[in-house]
Asker: 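Structure below; questions to follow.
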Amino acid sequence: MPNAKNFVAIGKLSKEEILSLITAAAAAERQPNRQILAGHIVATLFYEPSTRTRLSFETAANRLGAKVIGFSDPKVSSTTKGETLNDTIQMVSNYADVIVMRHYLEGAALYAAEISPTPVINAGDGAHEHPTQTMLDLYSIHKTQGTLDDLDICLVGDLKYGRTVHSLIQAMRHFRPRFHFVAPQELAMPDEYKQQLDRWGIPYQEHHDLSPEVIGQCDILYMTRVQRERFQDLGEYEKVKDLYVLRAAMLQDARENMKILHPLPRVGEIAYDVDATPHAYYFKQAENGLYMREAIICSVLGKSLEE
Ligand code: NCD
């Protein structure tokens, strides 16, 4: 049986492992360019579109001295000839020291990790999980709030199909958060995640409106895009796609420390006038992804970023 150190599901990480990755990301940020991974090959296999996740993983690998192979579009791979995920993974694991994979099927990364002798990092599997995004979200929250403990976090938008929010609530269970969920009925947080929160004793309130009152009650306002690609019926997507648009005028009662996060891309849910407010943090958040992904690659390869 393969016995590599994988990074597939956020729920597998202990509080100590999360905090230690945050410390490692801070070390990467202080000194992002070093040759710790010289002689290593990182494969990036992207079966779904990506800008930030793939480019920040590839930049992380390059800045640490590794070389990168892979594809950003499965149409140029043997997938179009009918090759199975099993065969692709078996093969790539012979070439690379670590495999970073994004796939449209839920559970694809776990499956790959089960058959791959080299470590697999989940860069998003369908509407299920996006654990490396969560780690950069936690790093961003920690940097801006000085702690992960006892925060009020409001998640807005597509809470049904958004994999980033599914991973985030699981990671936050260690830190006594209070959640607000803002979504239309059709895109509400799925019951399985709400039941998990109930079991962990984590409070949440559900709202349909993104009101200044709700905004005024949070430390982190986490906006998300409606996930068009997950809808069977695009008519249903059209009905909900423009429900929430955050504008600067809605921030008047926001707490001073409140930061707006968004995994990006945004497609209209944050107006451009928000970018100039002191609450906007989403571009810095994306930059933080580079440091956290350096930390994650090093972690699965058993390398230390401590000075
Ligand atoms: C997110 C994703 O792919 O799930 N993007 C990202 O990785 N930065 C969110 C999204 O696509 O809406």
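One-based numbering, in listed order, for ligands and for the atoms of each.
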Asker: Can you see whether Thr224 engages Asp158 through a side-chain donor-acceptor pair at a distance of less than 3.5 angstrom?
Answerer: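 Thr224 vs Asp158: no donor-acceptor pair found between side chains.
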Asker: Counting only heavy atoms, tell me which of Gly289, Pro263, Ala127 gets closest to atom 8 (N) of ligand 1.
Answerer: Pro263
Asker: Tell me yes or no: between the side chains of Tyr222 and Asp137, is some donor less than 3.5 Å from an acceptor?
Answerer: yes
Asker: Return the CG to CD1 distance between Leu221 and Ile153, rounded to the nearest 0.5 Å.
Answerer: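 CD1 of Ile153 is found 11.0 Å from CG of Leu221.
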Asker: I need the atoms of ligand 1 closer than 4.0 Å to a non-hydrogen atom of Arg225, numbered in the order shown.
Answerer: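 Under 4.0 Å from Arg225, ligand 1 has these atoms: 10 (C), 11 (O), 12 (O).
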Asker: For ligand 1, note which part of Leu264 has a heavy atom under 4.0 Å away: side chain, backbone, both or neither.
Answerer: backbone
Asker: Is the distance between the ring centroids of His166 and Tyr193 under 6.0 Å?
Answerer: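 Yes: the rings meet the under 6.0 Å criterion.
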Asker: By number and element, which atoms of ligand 1 are closer than 4.0 Å to a non-hydrogen atom of His130?
Answerer: 2 (C), 4 (O), 6 (C), 7 (O)
Asker: Would you say the side-chain atoms of Thr164 and Gln133 include a donor-acceptor pair closer than 3.5 Å?
Answerer: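 Checked: Thr164/Gln133 side chains show no N/O donor-acceptor pair below 3.5 Å.
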Asker: Do any heavy atoms of Gln227 fall under 4.0 Å from ligand 1?
Answerer: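 Distance cut 4.0 Å: Gln227 passes for ligand 1.
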Asker: To which of Gln133, Arg163, Arg52 does the heavy atom nearest atom 2 (C) of ligand 1 belong?
Answerer: Arg163
